[in-house]
Amino acid sequence: MRVEVSRKTRYFERAWFMWLWLIILPPLGLILLWRQGRFSKPKRIIISIIAVAYFLLPIIAVNAVTLPLFKNHSELVSAFNQTKKELNLSNEITEISKDSNVESFKIDKDVTLIENLDDSNQIHELIMIGQGEGINIITSLALLIGMTNPEISKDEIGDVLKDLKVFDKDFEYNKNETEIELNKVRYNLKYDQTKGVIFSVSKVN
């Protein structure tokens, strides 16, 4: 007489376990989905597409949002004063004016800093326009680099200036521009005959 012994279904072979991991960790849930073979192939493909979208969309959304340089003007001023003190500079914020989503002020006699703001007054870009003596331009550049990358040292700020060709006398800024990225901050330097030195700072994803 033949006796049939039924095998007990293990927990990781159950449907609830598969659905649980499809919600918590879709890649693992997808492995279980295809190993269990619980549905027809077309249904498994549809479930897989939904699970992949569910898993990837939040990641894509986070990466698509560019973080601000500063949450507000007060935070910028705090970073400005801290960096000025560390670099032993004499720059001061003066002549503040605001128009729509743009706020501008002087940080030196011939150096203007422009903030590009979003609707929440978060600062997403800084644009420095400088004329006059070269040393004032260089110290203002160093100040902005230090403000937006507070973790780097004075020597590293100098390295950024070198990479931007600030000390390269043969580099023709009127024909070219330089751009580098450091710790997800982009620095762009160029020269305009009417405006002078234009230095922009923005976050990158």
Nearest heavy-atom pair of D108 and S140: which atoms, and what distance?
CB-OG, 4.2 Å
What distance do K203 atom NZ and K184 atom NZ have between them, rounded to the nearest 0.5 Å?
8.0 Å
For the atom pair CG (D163) and CD1 (I180), what is the distance rounded to the nearest 0.5 Å?
5.0 Å
Report yes or no: does K71 contribute a side-chain atom to a donor-acceptor pair with the main-chain N or O of N121 at less than 3.5 Å?
no
OG (S200) and CD1 (I114) are apart, to the nearest 0.5 Å, by 11.0 Å
Just how far is it from atom CD of E156 to atom CG of L161, taken to the nearest 0.5 Å?
12.5 Å
E95/K106 ion pair, N-O < 4.0 Å
no
State, with a plain yes or no, whether a side-chain heavy atom of F199 is found less than 4.5 Å away from one of L113.
no
Is the side chain of Q36 donor-acceptor paired with the backbone N or O of R14 at a distance under 3.5 Å, no angle test?
yes
Mind checking the CD1-CG spacing from I137 to D110? Nearest 0.5 Å is all I need.
7.5 Å
With a 4.5 Å limit on heavy-atom distance, are the side chains of V102 and L117 in contact?
no
Could you report the tightest heavy-atom contact between P26 and A51, atom names first, then the distance?
CB-O, 3.7 Å
Tell me the closest heavy-atom pair linking G158 and F167, and the distance in Å.
O-CE1, 4.2 Å
May I ask you to check whether S104 and S97 show a side-chain donor-acceptor distance below 3.5 Å?
yes
Give a yes or no answer on whether the side chain of T178 reaches the backbone of L164 with a donor-acceptor pair at less than 3.5 Å.
yes
For I129 and K195 the tightest heavy-atom approach is CG2-O, 3.4 Å
I45, I47: one ILVMFWY side-chain cluster at the under-4.5 Å cut-off?
yes
Are the side chains of E92 and K84 in contact, using a 4.5 Å heavy-atom criterion?
yes
I'd like to check L189 versus L141 (side-chain heavy atoms, cut-off strictly below 4.5 Å). Are they in contact?
yes
Answer yes or no: is there a side-chain heavy-atom contact under 4.5 Å between N91 and F80?
yes
Test of understanding: clusters of I, L, V, M, F, W, Y form through side-chain heavy atoms closer than 4.5 Å, transitively. Do V77 and I145 belong to the same one?
yes
Given side chains that start at C-beta, do those of L126 and L76 come closer than 4.5 Å, heavy atoms only?
yes
Do any N or O atoms from the side chain of N149 and from the backbone of I152 form a donor-acceptor pair under 3.5 angstrom?
no
Can you hop from L28 to W19 via hydrophobic side chains spaced under 4.5 Å?
yes
To the closest 0.5 Å, what do you measure between CE (M147) and CD1 (I107)?
7.5 Å
Could you check whether N183 and E151, counting side-chain N and O atoms only, form a donor-acceptor pair closer than 3.5 Å?
no
Look at the side-chain heavy atoms of Ile, Leu, Val, Met, Phe, Trp and Tyr, link any pair under 4.5 Å apart, and say whether I127 and V204 land in one connected group.
no
Any donor-acceptor pair under 3.5 Å linking the side chain of D118 with the backbone of Q122?
yes
Is there a side-chain contact between I23 and Y54, using heavy atoms and a 4.5 Å cut-off?
yes
Closest heavy-atom contact between T194 and Q131?
O-NE2, 3.1 Å
Would you say E125's side chain and E115's backbone share a donor-acceptor pair under 3.5 angstrom?
no
With distance as the sole test, does T139 use its side chain to make a donor-acceptor pair with the main-chain N or O of I135 at under 3.5 Å?
yes
Check whether any side-chain heavy atom of L144 lies under 4.5 Å from a side-chain heavy atom of Y187, and answer yes or no.
no
Spell out, yes or no, whether L56 and L30 are grouped together once hydrophobic residues are joined by side-chain heavy atoms under 4.5 Å, including indirect joins.
yes
Side-chain (R44) to main-chain (F39) donor-acceptor, under 3.5 angstrom
yes
Heavy-atom pair of closest approach, residues S48 and L33
OG-CD2, 3.7 Å
Ion pair check, E179 and K190, cut-off under 4.0 Å:
no
